[in-house]
Amino acid sequence: ANPSAEQVSIAATGRGCPYCGHPDIAGMATLCSACGQPVVVVPAEQNLGVPTFLPGRFHDAEGREYPVERFVARGGMGYVLKAKAAQNTPVALKVLIFDSNTNSQAVSRFQQEIDLLRKLHDPNVLRLISHGQEAGLFFFVMEWVDGHDLRSELPSPGKPGTQVDFSKALRWFEQACEGLSAIHRAGAVHRDIKPSNLLLRNDGQLLIADLGVAKRLDDGDTGMTRTG
């Protein structure tokens, strides 16, 4: 049977199956008991105390499939999932959060991030692979980084004795500058550079991530740049 209007509403908010809206998905189930589609659970502690259900696989505009392995994190605008591409290549999916605060401006900003990433082909900027919609949710696919972010390398209250080697810090700085220069050449400014948005691969390569609040230099003041 076709889902009711109420089930469609539940699906859109993530409170039930993202495909059919069935609200009785128990615990960390990976299949909807009503329609059999795969789902992935966003833990309640990552979502203002409310568990959310996302598709367990995504298909891009070309029909390529990306089965989800696990939930990774929630950011300001989107959920990050680890998935697989062809030949079991690991990839990251960023999925636009759909809740009561989602509006046309949020969708436009998400699309702007995709458009900017499509222009960027730099070894120090996280690479866009593809994008699309799944069960009405906007998403894009990025390369997966085996490593960690710069925040974990820096001194903090929990790591008072941490020292950063000067030559290593200089290399990070140079790579960040290269990535930012590429973003500027593409006609934008990042506007949210911080250690957690600078990813370090295990081979030492630094990549700039999260262009969700970047501003296009030719935009003027559209109001879209006030977040962040």
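Only this structure's heavy atoms are used, side chains among them; waters, hydrogens and symmetry mates stay out. Fair warning: this is a prediction, and the values are worked out from it, not measured in the lab.
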Arg216 vs Leu116, side chain to side chain contact (heavy atoms under 4.5 Å, CB included): CA-CA, chis, key distance, verdict: CA-CA 8 Å; Arg216 291 203 308 263; Leu116 177 55; over 6 Å; no
Between Glu134 and Tyr19, is a side chain to side chain contact (heavy atoms under 4.5 Å, CB included) present by the stated rule, with each step listed? CA-CA 9 Å; Glu134 183 71 27; Tyr19 293 98; 2.9 Å; yes
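At least one side-chain heavy atom of His22 sits under 4.5 Å from a side-chain heavy atom of Ser33. By the 4.5 Å heavy-atom criterion applied to side chains, His131 and Val141 are not counted as neighbours. Contact of the Leu93 side chain with the Phe140 side chain is not registered, since no non-hydrogen atoms from C-beta on lie closer than 4.5 Å. Pro18 is listed as a side-chain neighbour of Val39, based on a closest heavy-atom distance under 4.5 Å. For the pair Cys20/Cys32, a side-chain contact is recorded, criterion being any heavy-atom separation below 4.5 Å from C-beta on. Taking 4.5 Å as the limit, every side-chain heavy atom of Cys17 sits out of range of all side-chain heavy atoms of Phe53. In this structure, Glu143 and Leu207 have side chains that are in contact, with non-hydrogen atoms separated by less than 4.5 Å. Within the 4.5 Å cutoff, the side chain of Trp172 has no heavy atoms near those of the Leu198 side chain.
Rounding to the nearest 0.5 Å places CZ of Phe58 at 6.5 Å from CZ of Phe139. Distance check: Leu81 CG to Trp144 CH2 gives 9.5 Å after rounding to the nearest 0.5 Å. For the atom pair Ile114 CD1 and Gln111 CD, the distance stands at 4.5 Å (nearest 0.5 Å). To the nearest 0.5 Å, atom CG of residue Asp115 and atom CG of residue Leu120 are 11.0 Å apart. In this structure, CG on Asn124 lies 7.0 Å from CD1 on Ile208, to the nearest 0.5 angstrom. Note: Leu211 CG to Met77 CE = 11.0 Å, rounded to the nearest 0.5 Å.
Note: the hydrophobic cluster containing Ile183 also contains Leu150 (ILVMFWY, side chain heavy atoms under 4.5 Å, direct or indirect links). When hydrophobic clusters are built by joining Ile, Leu, Val, Met, Phe, Trp and Tyr residues whose side-chain heavy atoms come closer than 4.5 Å, directly or via intermediates, Val145 is grouped together with Ile193. Residues Val72 and Val41 fall into different hydrophobic clusters, defined by Ile, Leu, Val, Met, Phe, Trp and Tyr side chains chained together at heavy-atom separations under 4.5 Å.
Taking each heavy atom of Val68 and Pro55 in turn, the nearest pair found is CG2-O, 3.8 Å. Minimum interatomic distance between Glu113 and Gly212 (heavy atoms only, all atoms of both residues): OE1-CA, 3.3 Å. What you find for Val125 and Gly179 is that their closest heavy atoms are CG2-O, 3.7 Å. Summarising the geometry of Val40 relative to Phe71, their closest heavy-atom pair is CG2-N, 4.2 Å, with the distance given to 0.1 Å. Here the shortest heavy-atom pairing between Pro195 and Leu154 reads CG-CD1, 3.7 Å. Nearest heavy atoms, Ser196 versus Leu199: O-CD2, 4.0 Å.
Under a 3.5 Å cut-off, the side chain of Glu65 and the backbone N or O of Arg57 do not form any donor-acceptor pair. In this structure, Gln37 contributes its side chain and Gly56 its backbone to no donor-acceptor pair below 3.5 Å. Side-chain N or O atoms of His190 include one that pairs as donor or acceptor with a backbone N or O of Asp210 at under 3.5 Å.
A donor-acceptor contact under 3.5 angstrom links the side chains of His148 and Glu153, judged on distance only.
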